[in-house]
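All remarks here apply to the structure that follows.
Just so it is clear, the model here is predicted, and its values are computed rather than measured. Just so you know, residue 1 is the first one in the sequence shown, and it goes up from there. These values consider heavy atoms only, across backbone and side chains, with no hydrogens, waters or symmetry-generated copies.
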Amino acid sequence: MALPQLIPSPSSSLSCKLFLNPNHPLNPNSGFSSLSSSVIPVPSLARNRHHRRRKANSLLRCSASSFSEKHHTGSPKSDDVVELPLFPLPLVLFPGAILPLQIFEFRYRMMMHTLLQTDLRFGVIYSDATTGTADVGCVGEVVKHERLVDDRFFLICKGQERFRVTNLVQTKPYLVAEVTWLEDRPSGDGDEDLESLANEVETYMKDVIRLSNRLNGKPEKETQDLRRNLFPTPFSFFVGSTFEGAPREQQALLELEDTAARLKREKETLRNTLNYLTAASAVKDVFPTS
């Protein structure tokens, strides 16, 4: 589901292709995974002084059912330092999100050959031709792949841990960096009710989807349970992953290390969007199209 516009809060050359061919066996909507979901495009956002990135048109589809409470096994500690191959992309991957890719550039095909013999994990990190590469990203784990006769790869990846780049150890044929793991810290406000905050965000999402359907002439049917029993932290990642078309805002959400702060920022963005859609709906009622 695509919404017409998402209004931000006041604070707020490719080596692969996103792969969404509905007839291909690796497509997540063709039996591999239940991914029918809300995808919220964000065509324009206010500048964030920490994330001045050029808009990238990308599509990341996911549903709350993809976001397990634990996104990895082994539970690496935040002070662990490991080496990780990096894949810069004009999009932001969140823990729990599903990312279909087609790998065709030679150096990343080389990376895939190495990964297929090791642990199938690499770092997806947001990159922009104008401003460079972010230093916080998310591990993508290959959960399904197909190698073609011309040595291209079709992949289905799932977001796992977040990481921060601390040192670049290799630049050719592809980037390899030392990284440390990021985890959300307890909120500064010990009395913060994360459950109530997550429920408020879910309510705003449902209202945005309902009004968007109305504006697009679709039935205003009851919106499904978006949380699906997710704890607040993985739910906050799910919400961020639906802000399609706004990689700067998504990157800002990914970098936050406070679940309450992330949910509050998402709530404000959704509230602004709801206000916009409400006004647009009122205009449509007064001046219906013929």
Side-chain angles (χ1 to χ4, degrees), residues 1-12 37-64 92 94 97 187 189 192-228 230 232-233 235-256 258-290:
M1 177 181 300
L3 307 189
Q5 186 171 4
L6 191 69
I7 306 301
S9 62
S11 62
S12 64
S37 66
S38 310
V39 178
I40 302 178
V42 191
S44 62
L45 280 167
R47 284 174 176 260
N48 181 296
R49 63 179 180 176
H50 299 297
H51 307 285
R52 299 178 184 270
R53 312 283 189 196
R54 183 186 59 185
K55 175 183 173 182
N57 294 322
S58 61
L59 188 61
L60 178 63
R61 296 190 182 276
C62 56
S63 69
V92 178
F94 283 85
S187 174
D189 184 354
E192 192 77 57
D193 188 344
L194 293 180
E195 280 295 328
S196 296
L197 190 54
N199 288 336
E200 289 181 54
V201 171
E202 181 185 26
T203 298
Y204 276 114
M205 285 191 74
K206 289 181 177 181
D207 289 342
V208 167
I209 292 170
R210 175 180 54 80
L211 272 181
S212 175
N213 284 340
R214 182 183 181 191
L215 285 168
N216 287 294
K218 298 179 181 179
E220 294 186 54
K221 58 184 178 181
E222 185 72 18
T223 306
Q224 63 177 341
D225 177 12
L226 297 176
R227 281 194 67 181
R228 299 190 181 182
L230 285 177
T233 298
F235 178 65
S236 72
F237 291 139
F238 163 65
V239 176
S241 73
T242 67
F243 290 1
E244 189 259 19
R248 286 177 295 175
E249 179 67 8
Q250 288 184 310
Q251 183 66 28
L253 292 169
L254 185 74
E255 292 185 10
L256 288 173
D258 184 324
T259 300
R262 189 179 303 110
L263 287 169
K264 287 178 180 178
R265 183 164 179 152
E266 292 166 343
K267 175 183 171 181
E268 183 66 17
T269 300
L270 288 166
R271 179 163 52 196
N272 290 337
T273 302
L274 183 61
N275 290 339
Y276 167 82
L277 293 175
T278 300
S281 180
V283 170
K284 184 177 181 181
D285 289 341
V286 175
F287 303 103
T289 57
S290 59

Side chain to side chain donor-acceptor pair (under 3.5 Å) partners for Ser196, two or more places apart = Asp193
Can you name the closest pair of heavy atoms from Leu194 and Leu263 and give their distance?
-> O-CD1, 4.2 Å
Please lay out, stage by stage, how Arg271 and Glu268 fare under the test salt bridge (Lys or Arg N to Asp or Glu O under 4.0 Å).
-> CA-CA 5 Å; Arg271 179 163 52 196; Glu268 183 66 17; 2.4 Å; yes
Nearest heavy-atom pair of Gly240 and Glu266: which atoms, and what distance?
-> N-OE2, 3.2 Å
Gap separating the CG atom of Leu270 from the OG1 atom of Thr242, nearest 0.5 angstrom | 7.0 Å
Side-chain heavy-atom pair Phe94, Val239 within 4.5 angstrom cut-off | no
With sequence neighbours excluded, tell me which residues meet side chain to side chain donor-acceptor pair (under 3.5 Å) with Thr278.
-> none
Are the side chain of Gln251 and the backbone N or O of Val92 linked by a donor-acceptor pair below 3.5 Å?
-> no
Polar side chain donor-acceptor pair, Thr259 to Thr233, under 3.5 angstrom | yes
Do you know which of Ile209, Leu215, Asn272 makes side-chain contact (heavy atoms from CB on, under 4.5 Å) with Leu277?
-> Leu215
side-chain contact (heavy atoms from CB on, under 4.5 Å) partners for Glu202, two or more places apart | Asn199, Lys206, Asp225, Leu226, Arg227, Phe235
Please examine the side chains of Leu211 and Asp207, heavy atoms only from C-beta on, and report whether any two atoms are closer than 4.5 Å.
-> no
What are the two closest non-hydrogen atoms of Gln250 and Ser241, and how far apart are they?
-> NE2-O, 3.6 Å
What heavy-atom pair brings Arg262 and Leu253 nearest, and what distance separates the two atoms?
-> NE-O, 2.9 Å
